[in-house]
K.L.:
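Just dropping this structure here.
Here is the naming used below: chain letters follow the sequence lines, and residue numbers restart at 1 for every chain.
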Number of protein chains: 4
Amino acid sequence: MGRPTNTDERREQIVLGLQQVMAERGYEKATIAAIAEAAGLTAGLVHYHFGSKHEILLCLIERLAESWRARAAAAEGRSPRERLAGLIDAWLALGEGASPGAVASWVALGAEAVQQPEIRQLYAAVASEATESLESAVSAVLRAEGRTTRHGRAIAAGLMAAVQGYLQLGVATSGVVPRGTAAATLKTMAFGALDAQGRRA
Amino acid sequence: MGRPTNTDERREQIVLGLQQVMAERGYEKATIAAIAEAAGLTAGLVHYHFGSKHEILLCLIERLAESWRARAAAAEGRSPRERLAGLIDAWLALGEGASPGAVASWVALGAEAVQQPEIRQLYAAVASEATESLESAVSAVLRAEGRTTRHGRAIAAGLMAAVQGYLQLGVATSGVVPRGTAAATLKTMAFGALDAQGRRA
Amino acid sequence: MGRPTNTDERREQIVLGLQQVMAERGYEKATIAAIAEAAGLTAGLVHYHFGSKHEILLCLIERLAESWRARAAAAEGRSPRERLAGLIDAWLALGEGASPGAVASWVALGAEAVQQPEIRQLYAAVASEATESLESAVSAVLRAEGRTTRHGRAIAAGLMAAVQGYLQLGVATSGVVPRGTAAATLKTMAFGALDAQGRRA
Amino acid sequence: MGRPTNTDERREQIVLGLQQVMAERGYEKATIAAIAEAAGLTAGLVHYHFGSKHEILLCLIERLAESWRARAAAAEGRSPRERLAGLIDAWLALGEGASPGAVASWVALGAEAVQQPEIRQLYAAVASEATESLESAVSAVLRAEGRTTRHGRAIAAGLMAAVQGYLQLGVATSGVVPRGTAAATLKTMAFGALDAQGRRA
DNA sequence: GATGAATGAGCGTTCATTCAT
DNA sequence: AATGAATGAACGCTCATTCAT
């Protein structure tokens, strides 16, 4: 009896709709009507499946985080240097995957994080998680090479910053970053910094 | 004869008002009323001195760019390595100067650049200018050390990306970047990458 | 042959749901979803058993009227003065009976009657019926005491007004009417007015 | 310099607009658009002069209260019985004065008081104030006639209830209360009740 | 009978912009 | 120059109602 639920699919559609619209216009201008249209639904239905626009954003964050985690997981089980390189690729190859709006919506999310405390917390949590995984890889390299791990966290944060900056420049400018150089250059910077760390006694 | 014009001061006030409000809320939520209040003026007067909210934003971009140029100029006339370090400081010390909202408003501007073509163009022009000055410094170092300058632009773009990422993480997260490590770590990464560039025959 | 109908019980549940929600929020804010929840049903089912929200209200009026009639019937067969006192109790004891929401929903109904012609008519019909029964009791007292019945209707209307006012002040204020004084005071006013009616020649 | 303010007049217009629309449709259905139209303004302007619809309601309450106070003041300085009669008239003659919507909006307000705590408090405060002035008049009569004032408050509350009930029946029914009998009948009930109070030793 | 998705009109409110003073 | 009223087009959200299952 009764009608089978389709909320999961609808919510998925709606979150993807937000991702798409947000990539083009940012969160504020991602109106419910625009999200609904992108999702092929009506505005009323969006509010049937989500209590508020804010709630959709929370779902999008989780989705983007999960997508990154899946990419990062591919770097596990390799040598220290390869693992670090893989984690960098997990971020910088974000746009080459399925959804073209993922990078742009992540960048827009970073702007919302400045203003909305709850978003800030969730965004910072993902950034922290990512930085910690970078730190783990950085330290593994340093240990394997007998170097001090004293600046491991700082270097990981620097790599995370570079990654976020690359994504941002990628969607907000044209020509500033030469095509196809991001990942390789960042690896050069990363290993250059690692090579500069002193040997332990 | 009428009263002497005070348009320049008023425009300055208004632009600073936008900077302040934008730093806290972003561009969309920076209402004319809020800008006016931050500037100590009335909403109507804002539109007397500026045709539109968009026009204020254009002025703010120019202001932020000019502020950066002034900081960057301080790096001129030094040794290649010191000049590069000085350019990095010109960006990362942005927040330590006069206005606390400069960094946050620049980050918010980066988000607007994704969406508004005209803003994108101006934002990209500043980013390009900055990247070129970085490239000039990077190449100077490489030339001075007899290294290939082939990847000069890519490295400069990487430094620019890292700078922007540091600024963004700084205003959008807490604890991801260890306090006070940004400039030193980025210089380590920069020189590490430069040291990795091959010697010319 | 299909399942046996349970429409009557369902309608009863729904009407009670409206009574409960209306007592707390009034008719406008008594959403179908809230009524359904109060009734332990789903929103869709409410519209299966009732064509519209308005229709539920019509049923509630009849229910409240019937409940009053039952209380009023208890006053029959007594002496004139006791009958009048019993009718007053039939109204003012409304809240002491089964449903705590009956009084509040009746008061809310009175507000709707101002606005909706159809509700107004039904509400006025109940009020008229009640006033007529009061008038009948008032006149019986007057006749028994050899007084003029000229102002019987006016006095009955005054008693009805006082009853409605007591109910309204009871749900809309605290402390205005001293606890437990309503019925006794109204009877004092009623008999005081009756005693003031002149003797017939 | 600058434009002279007209906020006071506009707010007055808007409050009267709410009174009028609320009298016809109740508070919930008194949309900002309807209020604006009744006031001869646009919807946007209503929110320029009032922060919210709720705030307009608060102003209306104060206005209605003030109007009642002015009427009640006319009863001062007379004999005890005349003062009591004057206070009853102050309420029941409400509709015969300037605004035909005053009574209906007061009744609608009473319905809102059941639901909205803040409105309830203000409504109850006015009702309390009015009941206290009735009690003062009632007690004056009783004292002047050497009767016990023990039930003064209860009688005053009963009169207040009757007043509110008359107003309510007046706007929600037709024919229940015979035209023109309200004030006289209530006075009969009031004095009848007073006459029934025992003499002090 | 019953469920829950779906619709669409309408709500209070916001806000850039215009204009009278 | 400056003020503050005025406009009108959104926006996020609510909700009675309809309909597919």
Side-chain angles (χ1 to χ4, degrees), chain A residues 1-11 28-36 40-56, chain B residues 2-7 9-10 28-36 41-56, chain C residues 2-7 9-10 28-36 40-56, chain D residues 1-7 9-11 28-36 40-56:
Chain A
M1 215 181 328
R3 183 169 172 167
T5 189
N6 63 352
T7 286
D8 287 347
E9 302 132 72
R10 285 286 181 258
R11 283 175 68 100
E28 297 300 330
K29 291 175 124 171
T31 67
I32 296 289
I35 295 168
L41 307 172
T42 63
L45 193 53
V46 170
H47 272 102
Y48 178 79
H49 291 291
F50 281 97
S52 68
K53 184 179 161 183
H54 184 248
E55 200 182 309
I56 312 176
Chain B
R3 73 196 88 184
T5 185
N6 60 357
T7 287
E9 302 141 63
R10 286 284 181 261
E28 298 301 330
K29 290 178 136 170
T31 68
I32 296 288
I35 296 167
L41 306 173
T42 63
L45 195 52
V46 170
H47 265 96
Y48 179 82
H49 291 291
F50 283 95
S52 69
K53 184 179 161 184
H54 184 248
E55 200 180 303
I56 312 174
Chain C
R3 71 194 92 184
T5 187
N6 60 355
T7 286
E9 301 141 65
R10 286 286 181 256
E28 298 301 329
K29 290 178 136 170
T31 67
I32 295 288
I35 296 167
L41 307 173
T42 63
L45 195 52
V46 170
H47 265 96
Y48 180 82
H49 290 291
F50 282 95
S52 69
K53 184 178 161 185
H54 184 248
E55 200 181 306
I56 312 174
Chain D
M1 215 180 331
R3 182 169 175 168
T5 190
N6 62 352
T7 286
E9 301 132 73
R10 286 285 181 260
R11 284 174 67 101
E28 298 301 329
K29 291 176 124 170
T31 68
I32 296 291
I35 296 167
L41 307 172
T42 62
L45 192 53
V46 170
H47 272 101
Y48 178 79
H49 291 290
F50 281 96
S52 67
K53 184 180 163 184
H54 184 248
E55 200 181 307
I56 312 175

K.L.:
So Ala36(C), base contact, sugar-phosphate only, or nothing? Heavy-atom distance under 4.0 Å.
P.N.:
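It contacts nothing in the nucleic acid.
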
K.L.:
Hey, is the side chain of Thr5(D) poking within less than 4.0 Å of OP1 or OP2 on dG4(F), counting only N and O atoms?
P.N.:
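No, no such contact exists.
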
K.L.:
Using whole Å, report how far NZ of Lys53(D) lies from C1' of dT13(E).
P.N.:
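Taking NZ of Lys53(D) and C1' of dT13(E), I get 12 Å after rounding.
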
K.L.:
For the NZ atom of Lys29(C) and the OG1 atom of Thr31(C), what is their distance to the nearest 0.5 Å?
P.N.:
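Going from the NZ atom of Lys29(C) to the OG1 atom of Thr31(C) covers 11.0 Å.
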
K.L.:
How far does the C1' atom of dG1(E) sit from the matching atom of dT21(F), given to the nearest Å?
P.N.:
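Those two atoms are separated by 13 Å.
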
K.L.:
Starting at CD1 of Ile35(A) and ending at P of dC11(F), how long is that distance when rounded to a whole Å?
P.N.:
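Atom CD1 in Ile35(A) sits about 11 Å away from atom P in dC11(F).
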
K.L.:
Both Ile32(C) and Thr31(A) contact DNA chain F. Which one's nearest nucleotide lies toward the 5' end?
P.N.:
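First, find each residue's nearest nucleotide; the 5'-ward one identifies Thr31(A).
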
K.L.:
Reading DNA chain F from 5' onward, which residue's closest nucleotide shows up sooner: Ala30(A) or Leu45(D)?
P.N.:
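Its nucleotide being nearer the 5' end, the pick is Leu45(D).
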
K.L.:
Below 3.5 Å, does any donor atom in the side chain of Tyr48(D) face an acceptor in the base of dA5(F), or the other way round?
P.N.:
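A donor-acceptor contact between them is present.
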
K.L.:
Separation of Glu9(A) atom CD from dG4(E) atom P, in whole Å?
P.N.:
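It works out to 15 Å between those atoms.
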
K.L.:
Between His47(A) and dA6(E), is there a side-chain N or O to OP1/OP2 distance below 4.0 Å?
P.N.:
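His47(A) to dA6(E) OP1/OP2: no side-chain N or O under 4.0 Å.
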
K.L.:
From CD1 of Ile56(A) over to P of dC13(F), roughly how many Å is that when rounded to an integer?
P.N.:
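So the two atoms are 8 Å apart, to the nearest Å.
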
K.L.:
Under 3.5 Å, side chain of Arg11(D) to main-chain N/O of Phe50(D), donor-acceptor pair present?
P.N.:
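Judged by distance alone, no pair lies under 3.5 Å.
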
K.L.:
Give the rounded distance in Å between these two atoms: CD of Glu28(A) and C1' of dA16(E).
P.N.:
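Rounded to whole Å, this separation is 15 Å.
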
K.L.:
Any Lys/Arg nitrogen of Lys53(D) or Glu28(D) sitting under 4.0 Å from an Asp/Glu carboxylate oxygen of the other?
P.N.:
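Looking at Lys53(D) and Glu28(D), the cut-off is not met.
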
K.L.:
Within this structure, what is the CZ-to-C1' distance between Phe50(B) and dT18(E), rounded to whole angstrom?
P.N.:
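Whole-Å distance recorded here is 18 Å.
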
K.L.:
So, is Asn6(A) close to the dA6(E) phosphate, meaning a side-chain N or O under 4.0 Å from OP1 or OP2?
P.N.:
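True: Asn6(A) side-chain N/O within range (under 4.0 Å) of dA6(E) OP1/OP2.
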
K.L.:
Send over the distance from Arg10(D) CZ to dA20(E) C1', rounded to a whole Å.
P.N.:
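Those two atoms, CZ and C1', are 12 Å apart.
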
K.L.:
Less than 4.5 Å apart, any side-chain heavy atom of Asn6(D) and any of His49(D)?
P.N.:
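Asn6(D) vs His49(D): side chains touch.
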
K.L.:
Counting only Watson-Crick pairs (N1-N3 plus N6-O4 or O6-N4) and G-U wobbles (N1-O2, O6-N3), all under 3.5 Å, who is the partner of dT21(E)?
P.N.:
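Here dT21(E) is engaged in a pair, and the nucleotide opposite it is dA2(F).
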
K.L.:
If you compare all heavy atoms of Ala43(D) against all heavy atoms of Ala33(D), which two are closest, and at what distance to 0.1 Å?
P.N.:
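Of all heavy-atom pairs spanning Ala43(D) and Ala33(D), the closest is CB-CA, 4.5 Å.
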
K.L.:
Closest approach to the side chain of His49(A), judged atom by atom: which nucleotide of dA6(F), dA6(E), dA2(F) is it?
P.N.:
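Output: dA6(E).
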
K.L.:
Does dT7(F) have its OP1 or OP2 closer than 4.0 Å to a side-chain nitrogen or oxygen of Thr42(D)?
P.N.:
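Yes.
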
K.L.:
Ignoring the backbone of Arg3(A), work out which of dA5(F), dT17(F), dT3(E) is nearest its side chain.
P.N.:
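In terms of side-chain proximity for Arg3(A), the closest of dA5(F), dT17(F), dT3(E) is dT3(E).
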
K.L.:
Run the side-chain contact (heavy atoms from CB on, under 4.5 Å) test on Ile35(A) and Leu41(A) for me, step by step, so that the C-alpha distance in whole Å, both residues' side-chain angles and the decisive distance to 0.1 Å come before the verdict.
P.N.:
CA-CA 8 Å; Ile35(A) 295 168; Leu41(A) 307 172; over 6 Å; no

K.L.:
Determine which nucleotide pairs with dC11(F), using a 3.5 Å limit on both distances of a Watson-Crick or G-U wobble pair.
P.N.:
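dC11(F) is paired with dG12(E).
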
K.L.:
Side-chain N or O of Ser52(B) versus OP1/OP2 of dA16(E): is the shortest distance under 4.0 Å?
P.N.:
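For dA16(E), OP1/OP2 do not have a side-chain N/O of Ser52(B) under 4.0 Å.
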
K.L.:
Roughly how many Å is it from CD in Glu55(D) to P in dG12(E), rounded to a whole number?
P.N.:
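Whole-Å distance recorded here is 15 Å.
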
